[in-house]
Protein chains: 2
Amino acid sequence: MLKRKTVTKSLECKVRITAITDTMQVLSGKWKIHILGTLLQGGKMRFMDLLREIDGIAAKMLSKELQDLEMNQLVTRTVVDTKPITVEYEVTEYGKTMEPIIDEIANWGVFYRNRLHGKTD
Amino acid sequence: MLKRKTVTKSLECKVRITAITDTMQVLSGKWKIHILGTLLQGGKMRFMDLLREIDGIAAKMLSKELQDLEMNQLVTRTVVDTKPITVEYEVTEYGKTMEPIIDEIANWGVFYRNRLHGKTD
DNA sequence: TGCATTACTTACCAATTGGAAACTAGTTTC
DNA sequence: GAAACTAGTTTCCAATTGGTAAGTAATGCA
């Protein structure tokens, strides 16, 4: 019996599936993309800055997500010896390679809103 | 007192945050990107094709995720009157606008693997 | 008649996610 | 000494997510 040609079972496609899974794991959760997006625009930012800038996030979540991002080397954490100590977070060069993804996601979201109540109505 | 210049609280940044939230909601869950990615490569595919091609997905999940994608007009569902009826799923033109996102995500994942044990070792 | 195939749906359950609130701990200010 | 600010951590809880397995309904084949 002839085998049906599989589409995604080729090595190429398995690599693609793994790649997508990897990326989505690194960006998992409700907040990582927002934290990264905020840090990409804001440069060096302190914990309390991020907590205030990112609407709706709780300290626990911010803390946990920053740890994840740090473990994956997407952001750096630097303790600054100020009066009350502050901690600065910054996107690494490696983390900046996420920018195209975040941009595409943001672009699509704008496009989506436009389509919903935009031109076609 | 001078107000500290907020970075993400400008209208521009709020739009961006909303945009990202919207996109991630449309692509939410473990499987949507994979289903979309598979359909983008495979063209018209039947339910059972997808079930076999997408490694690890259960019928329940595939069904639910396809319904979500259909609701968001990213894929079409067409019942074909074959001997045992079959259902064809296909990415819409609109759905194809997701391709840049999925490509960027896949690219990054490949880059990530290379970095992990690749060139630098 | 009985099994297979297609495309699901339903029921149940376990793990993960994420939110609120309180607490820690060091330093500064009143 | 009390309050406030820094950067968290801890606890407790509720909702969401997703997996397994079985059931359904229509049709075809031996």
Side-chain angles (χ1 to χ4, degrees), chain A residues 1-4 6 17 20-22 24-36 38-39 42 44-72 75-90, chain B residues 1-4 6 17 20-22 24-36 38-39 42 44-72 75-90:
Chain A
M1 193 201 260
L2 271 176
K3 252 188 193 164
R4 199 177 174 288
T6 50
I17 286 171
I20 290 172
T21 306
D22 285 348
M24 293 320 286
Q25 217 151 293
V26 171
L27 292 179
S28 68
K30 197 174 167 182
W31 299 107
K32 290 202 188 71
I33 295 182
H34 289 302
I35 295 172
L36 239 64
T38 305
L39 278 174
K44 270 196 188 86
M45 292 180 79
R46 289 176 301 150
F47 187 84
M48 278 295 149
D49 288 342
L50 286 166
L51 202 57
R52 276 184 286 254
E53 297 279 358
I54 302 172
D55 209 50
I57 198 169
K60 177 188 124 182
M61 276 298 119
L62 181 56
S63 172
K64 197 213 127 211
E65 299 291 68
L66 282 169
Q67 278 172 29
D68 288 356
L69 291 171
E70 206 195 339
M71 264 198 299
N72 282 310
V75 306
T76 52
R77 196 188 100 110
T78 317
V79 178
V80 185
D81 198 19
T82 43
K83 314 85 185 282
I85 80 155
T86 52
V87 179
E88 280 177 354
Y89 291 93
E90 197 176 10
Chain B
M1 190 202 261
L2 270 177
K3 252 190 192 163
R4 200 176 172 287
T6 49
I17 287 171
I20 290 172
T21 306
D22 285 349
M24 293 320 285
Q25 215 151 293
V26 171
L27 291 180
S28 68
K30 197 174 167 181
W31 299 108
K32 290 204 188 69
I33 296 183
H34 289 303
I35 295 172
L36 237 58
T38 306
L39 278 174
K44 269 196 189 84
M45 292 180 79
R46 290 177 300 150
F47 187 85
M48 278 295 149
D49 288 341
L50 287 166
L51 202 58
R52 277 184 286 254
E53 298 280 359
I54 303 171
D55 211 50
I57 198 170
K60 178 187 122 181
M61 275 299 120
L62 181 55
S63 173
K64 197 213 127 212
E65 300 289 68
L66 282 169
Q67 278 172 30
D68 289 355
L69 292 172
E70 206 195 338
M71 266 198 299
N72 282 310
V75 306
T76 51
R77 196 189 98 110
T78 316
V79 179
V80 186
D81 197 19
T82 42
K83 315 88 184 280
I85 80 154
T86 53
V87 179
E88 280 177 355
Y89 292 92
E90 197 176 9

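A quick note: this is a predicted structure, and the numbers were derived from the prediction, not measured. First the proteins, then the strands, lettered A, B, ... as listed; each starts at 1.
Distance Lys32(A) NZ to dT17(C) C1': 10 Å, rounded to the nearest Å. Here dT6(C) presents its P atom at 13 Å from CG of Leu50(B), a figure rounded to the nearest Å. In this structure, Met45(B) atom CE and dT6(C) atom C1' are separated by 15 Å, rounded to whole Å. Taking atom CG on Leu62(B) and atom C1' on dT10(C), their separation rounds to 16 Å, with Å as the unit. dT6(D) atom P lies 16 Å from atom CG of Asp81(A), rounded to whole Å.
Closest approach of Ile57(A) and Leu51(A) over heavy atoms only: O-CD1, 3.8 Å.
Looking only at side-chain heavy atoms (C-beta outward), Val26(B) and Lys32(B) stay at 4.5 Å or farther from each other. Within the 4.5 Å cutoff, the side chain of Leu39(B) has heavy atoms near those of the Val75(B) side chain.
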Under 3.5 Å, which donor-acceptor pairs do the side chains of residues 80-88 of chain B form with other protein atoms, sequence neighbours left out?
from     : atom 1 : to       : atom 2 : distance (Å)
Thr82(B) : OG1    : Pro84(B) : O      : 2.8
Thr82(B) : OG1    : Thr86(B) : N      : 3.2
Thr82(B) : OG1    : Thr86(B) : OG1    : 3.0

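The NE2 atom of His34(B) sits 8.5 Å away from atom CE of Met24(A), with the distance rounded to the nearest 0.5 Å.
Screening Ile35(A), Thr78(A), Leu66(A) for a side chain to side chain contact (heavy atoms under 4.5 Å, CB included) involving Tyr89(A) leaves a single residue, Leu66(A).
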Handout entry: Contact state string [nucleotides 7-20 of chain D, B base, S sugar-phosphate only, - no protein heavy atom under 4.0 Å]
Key = BSBBB------BBB

